[in-house]
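Right, one structure below, let's go through it.
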There are 2 protein chains.
Amino acid sequence: MANIHEVAKQAGVSSATVSRVLNNTSSVTERTRQKVDQAIKELNYEPSMLGRNLRNSESRLLLVLIPNFSNPYYTEIINGIEDFSVERGYNILLCETDSNPTRENTFFNMVKNKLADGIISMDPTINMAKLQELAKKHSIVLCSEYDELERIPYVAIDNEVAAYKVMKHLIRLGHENIALINSDEKFLYARQRRKGYERALEEFDLPLRQEYIYNTNNLDFQDGAQAMRKLLQLDETPTAAFAVSDTLAIGALKELNVKGMNVPGEFALVGFDNISFSNMTNPTLTTVAQPMYQMGIAAANMLIDQLQGKPVDSVMLDHELIIRESTLN
Amino acid sequence: MANIHEVAKQAGVSSATVSRVLNNTSSVTERTRQKVDQAIKELNYEPSMLGRNLRNSESRLLLVLIPNFSNPYYTEIINGIEDFSVERGYNILLCETDSNPTRENTFFNMVKNKLADGIISMDPTINMAKLQELAKKHSIVLCSEYDELERIPYVAIDNEVAAYKVMKHLIRLGHENIALINSDEKFLYARQRRKGYERALEEFDLPLRQEYIYNTNNLDFQDGAQAMRKLLQLDETPTAAFAVSDTLAIGALKELNVKGMNVPGEFALVGFDNISFSNMTNPTLTTVAQPMYQMGIAAANMLIDQLQGKPVDSVMLDHELIIRESTLN
DNA sequence: ATGAAAGCGCTAACAC
DNA sequence: GTGTTAGCGCTTTCAT
């Protein structure tokens, strides 16, 4: 594969001129430009990003950290990130951490090593301490999950309000025994959604019953199924549940189906995230929609601004309760 | 951030020695090594991949092309690719083509530009001609979808046999009017699965009815739902259907549910891919499992071997019919 | 408007 | 075992 010097020779100019033509960086005679373009075509030349990146000491690659590919929740956010980044001349590298510190380190090193310019983290399990450390010298943006205490900029929704709205919806339908299928409360969003759950109970004078709060280890279907199994074994079973993730809700719904319970007749169910499957279940699932694509756009925008030295502020985006069959009355 | 020369100066050695320590490339005195390690620590040095890659003219980055993130079919394959690649010292860049030629081009250029070393394509919509062209100078492996005529190595399953097995299963259950919900037959796998469908009909002396074959535009839920809607409008409706993708089958199942039809009582349904959600539907879905993780491993292995100049051969992996509630008798 | 030359950070060939 | 040096492919002063 030809390099810039060969192109220069072929065109009878210097490599500097070829570079100028390539980057439109300073004026070049029309005639020269044509000679260069001609040479480029003849030699089938493609500029090497390696040389360019080394010289410019930037890679124009952004890392997007997610815990695993299998949660469809991330798909639309990634689309937003991707679209915006490409438009601004950056490519994204999708990184699955598997909540594995070794992998996480690999990715942190990529930015230390100049292989990537910055990070958008959507991984709630990430090692925040290390990330904070990295953020001192590099550009980082958090998406969905963030750190209340520190100043890494983030884009998120108001989880407490969202959870509160879900509860209000269920309470208005007449439910008084409402379970919360929550994930591990080491995650900020889990703590926030629980807060909304509790605030609603309080405001409507409903008792807070510890046995109605179930914390799962992961967000897989089986975690939701297991949670529902436990809830249905209680002496006084709940008549509704709010699961903090659609995947959990779908697992819970499966368990309800297996047990032959009628949803929403005997049991109402709400999820969170509005993943595409949530509209394919039987019955379809009431859920909270986050403006995923917009969140992706915002995160990418913030990261690139940060890379270019502009000041950035965290943003809170809107959410929406999508009412479907699983809470019809 | 310190560079190799500063480390060398700090340690009182040459940059070549530092490089040797870094890469274990030739022997270095224990004392020298310690001095260097010390300096690296003191300066918080991280080697720049940009410099290294330029020098070695490799990026150790592999591109994985998929049409879109939202089809969960790809998840496990990607995990296989990722795990194997990381172990061999490569990182992967997940590229969503959106079946968009412009994006496709961006990715092709990345390997031309030396930003990436090779490509694993899982995108059936890819521009094969261009890919063949690229394959002349670069390493490429196809996964799932391949090109019968050319010699780009691939890893795949025997789609015809898989489809045949599905049909045999349905026929043995007593079904005689079996529909095929196929995707666009511009895709090789679609043509192969149709072949299996037809061969089974022939062998069991069942008529091939054109109106029982429905081709969808995409693989989304609604495509499956629409297909089923049409099939149920036929004068003589089928009693079973084989959808070439779980997403299609799930959409079709949704439509059957909406119509109040009992599955499998009144209608039997089979999907393809064994995505995790296929076990969450009501009823659960009979489907064909491909050894996704293994396919990913194999593809990555082939690509890296190819990059290292070893000869590689295409591989055909096994598949398995997973019988679940949607075809229980 | 264009060219010469330095240098981004690294590794490998060669010399000692 | 270690240092010197050249060069990977590019961009960017600084001249002219």
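Reminder, nothing fancy here: chain letters follow the sequence lines and each chain counts from 1.
- An OP1 or OP2 oxygen of D/dG9 is reached within less than 4.0 angstrom by no side-chain nitrogen or oxygen of A/Ser48.
- Between the CD atom of B/Glu58 and the C1' atom of C/dA12 there is a distance of 14 Å, rounded to whole Å.
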Item to complete: Report the C-alpha separation of A/Ser121 and A/Asp123 in whole Å, then their side-chain angles, then the decisive distance to 0.1 Å, and conclude whether the side-chain hydrogen bond (donor to acceptor under 3.5 Å, both in side chains) test is met.
Response: CA-CA 5 Å; A/Ser121 170; A/Asp123 183 3; 5.7 Å; no
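- When the P atom of C/dA5 is taken as reference, atom CD1 of A/Ile4 falls 17 Å away, rounded to whole Å.
- Between the side chain of A/Asp273 and the backbone N or O of A/Ile275, no donor-acceptor pair lies under 3.5 Å.
- Of the candidates C/dC10, D/dT12, C/dA12, D/dT12 carries the atom nearest the A/Ser19 side chain, counting heavy atoms from C-beta on.
- Scored by the ring-ring contact (aromatic ring centres under 6.0 Å, His included) test, A/Phe107 finds no partners at all (sequence neighbours excluded).
- In the helix from C/dA1-D/dT16 to C/dC16-D/dG1, the rotation axis of the first five pairs and that of the last five pairs differ in direction by 40°, rounded to 10 degrees.
- Using a 4.0 Å cut-off, some side-chain N or O of B/Arg52 falls inside it from OP1 or OP2 of C/dT11.
- Remark: B/Leu22 CG to B/Ser15 OG distance equals 11.0 Å, nearest 0.5 Å.
- Note that CD1 of A/Ile77 and CE of A/Met292 are 5.5 Å apart. Values are rounded to the nearest 0.5 Å.
- The main-chain N or O of B/Leu50 is found under 3.5 Å from a side-chain atom of B/Ser48 such that the two form a donor-acceptor pair.
- Dashed line: the shortest gap from a side-chain N or O of A/Asn53 to OP1 or OP2 of D/dC10 is not under 4.0 Å.
- Closest approach to the B/Leu54 side chain among D/dT11, D/dG9, C/dC10 is made by D/dG9 (side chain taken as heavy atoms from C-beta onward).
- Counting only distance, with no hydrogens or angles, the side chain of B/Ser59 and the backbone of B/Leu115 share a donor-acceptor pair below 3.5 Å.
- Although no hydrogens or angles enter the test, the distance criterion places a donor-acceptor pair under 3.5 Å between the side chain of A/Glu145 and the main chain of A/Leu188.
- Between the CG atom of B/Asn23 and the P atom of C/dA13 there is a distance of 13 Å, given to the nearest Å.
- Below the 3.5 angstrom threshold, one finds a donor paired with an acceptor across the side chain of A/Arg20 and the base of C/dG3.
- A/Asp83 and A/Tyr293 share a side-chain donor-acceptor pair at under 3.5 Å.
- Under the 3.5 Å distance criterion, the side-chain polar atoms of A/Asn113 are matched with a main-chain donor or acceptor of A/Asn109.
- The stretch residues 29-45 of chain B comes close to DNA chain D through B/Thr29, B/Thr32, each having a heavy atom under 4.0 Å from the strand.
- If you take CG of B/Asn3 and C1' of C/dT11, they are 14 Å apart, rounded to a whole angstrom.
- Atoms NZ (B/Lys112) and P (D/dG9) sit 18 Å apart, rounded to a whole Å.
- A straight line from CG of B/Asn56 to C1' of D/dC8 spans 9 Å, rounded to a whole angstrom.
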Distance-only donor-acceptor pairs under 3.5 Å for side chains of residues 86-95 of chain B, two or more places apart:
| from | atom 1 | to | atom 2 | distance (Å) |
| --- | --- | --- | --- | --- |
| B/Arg88 | NH2 | B/Asp305 | OD1 | 3.4 |
| B/Arg88 | NH2 | B/Gln308 | OE1 | 3.3 |

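- Only B/Gly12, B/Val13, B/Ser14, B/Ala16, B/Thr17, listed by number, bring a heavy atom of residues 9-17 of chain B to less than 4.0 angstrom from any atom of DNA chain D.
- Here the P atom of nucleotide D/dC10 and the CG atom of A/Leu22 are 8 Å apart, to the nearest Å.
- With sequence neighbours left out, the ring-ring contact (aromatic ring centres under 6.0 Å, His included) criterion links B/Tyr154 to B/Tyr146.
- Protein atom CE of A/Met49 is 16 Å distant from nucleotide atom C1' of C/dC8, rounded to whole Å.
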